[in-house]
Amino acid sequence: MRCLLFSALALLGVATLAQANGLPRPPVRPVGGREVKFVVEVDPDATKARLVVPQAFMVPGGLPGANPGGFPGANPGAVPGRFGLSTLPTVVIGLSLFLALGSGGVWLARRGKGKIVAGLFVFALLAGVTSSVFADIAPRPKPKPPIPPVPPAKVFTAVKLPADIKLSDKVTIEFVGVGDTVKLIVPKNAVKVEAPKAPEE
Amino acid sequence: MSQTVPLDPSPLTSAVRGRGALLFIGCGFALACASFFLAGWTPLSFSIVTVFLFAGPHNWLEFRYLLTRMPAHWGRQRAFFSVALAGALGISLGFIGLYALGESLVIGEDLWTAGYSLLQTVFILWVATLAHLRSRLAPRRDWAWVWPLAFLFIALSWLSPSHWGMGLVYLHPLMALWLLDRELRRSRPAWRPAFHALLATLPLFLGLLWWQLATVPDLYPEDELSRRITDHVGSGLIPGIPSRTLVATHAFLEMLHYGVWVVAMPLIGLGVAPWNLGRIPLAYRGSAWKLGLALFLLLGFSVVVVLWGCFLADYTTTRVAYFIVAIIHVLAEFPFLLRSL
């Protein structure tokens, strides 16, 4: 029992320093269809067509906190300062690792492998202390260069649909942080402009 | 004092056994070779055809075999089989419900991911509990190590749910081979060395498959069905591994798994024709049980026929629905495998 308590305390110290590397990748699953606003715009400077899709449309129901009209590149899904689903994986992983190492120590101790348990305990303690020290005295990473200001979003001429638009078999797809409209931005020469009708005499 | 003199097996018996093992291994090797060529040559089509032909029958035959292994009276195994049954049903319903909630857009991505990881956690703890209960049954086993391993797996499943799920997709076909090995140990122990030799060729087949597909253009799914198939095998989850290789690998393993349940297990494990209720312990509990089992097996066979019809009518939708509902047969294998260890 003493062995278990000591092992548990030491491993708890290690487990709290554990970091999950980002959120787990969501499982692959089909996404249902939905109707959204769709516009076609002409960019005089473009040479190829591109499809601009807001990130909110990549997940069903849209991301929480989506804010149309916000700054380009903003992450509408971020909710700073709140303990939510984004921190749950880290907590569960830490707890599971703690339980794994703790129960493993108990198993080894019951099998009479006391020396191995003692060795693991010392290792865990060293790992915990070393990582704490290293975190404080390790060379700090270089400060990141300042983020350049985001240029104001260009405004393009919308094409009235239906329209006669010529496209190639390839289109660039862009995912943007904000917005509620799917846009197809085409070069100037992709849109057939109808000649103005001659006035009737 | 009298002594028991072991009878030497007659030369005829040995010859029959030897021939039986040779035939078994020969058929297994032929199946592996055929699967290797077809999966490597046309992985998508092979996957579509094999699922259509064998998905339903293999489930029915697997259920028939598991009935043979289910004791008539649970007795001291009551806790084990109760947890097995409740867990298999509950976790299956959980996965089906989660899928339905996701498809109907009721829950968002974060909640879906958390729900999926939670179900995986419940699944891992269920298997660990079954292993713990099994270790207390005769013959007793010292399986206390299953708990640290289970907690480690839980951590891994939360760290990367998609990779964990993909691992289970590939583990499932291999479980059939393990179950076959346990059945051979029980009923045909003389065949096991030859079977193990056959298993040893699997890494060679897989290595050759990957080597051959390394230079072949990748798959680019152009329709819903192709996309579903490539998604199912984890396309895009591991960088550098083309979809074609994953689809071919999964189709190859899946065909071996179908071969185990459709051919090997009925011939080796049942001992009677599949529709014969003989050797089902539950059938000996009474006429009501016998009738119930017969009706259940008949219903199951009807479902197989209906499944074929649904595949012909709308293969894509039927395939999606089948792989969601069929999770229960994946889970059902775990208790019987543990019981056989």
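Reminder, nothing fancy here: chain letters follow the sequence lines and each chain counts from 1. Being a predicted model, the structure only gives us computed values, none of them experimental. Quick note: numbers below take in every heavy atom, side chains included, and nothing from hydrogens, waters or symmetry partners.
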**OP:** Test Trp107(A) against Asp142(B) for side-chain contact (heavy atoms from CB on, under 4.5 Å), laying out the working first.
**Re:** CA-CA 10 Å; Trp107(A) 174 62; Asp142(B) 178 16; 4.3 Å; yes
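Summarising the local packing, CH2 of Trp143(B) is surrounded by more than 12 heavy atoms from other residues, nucleotides or ligands at distances under 6.0 Å.
Annotation: residues 147-156 of chain B contacts chain A through Trp147(B), Pro148(B), Phe151(B), Leu152(B), Ile154(B), Ala155(B) [non-hydrogen atoms, separation under 4.5 Å].
In this structure, Trp158(B) and Val91(A) have side chains that are not in contact, with every pair of non-hydrogen atoms separated by 4.5 Å or more.
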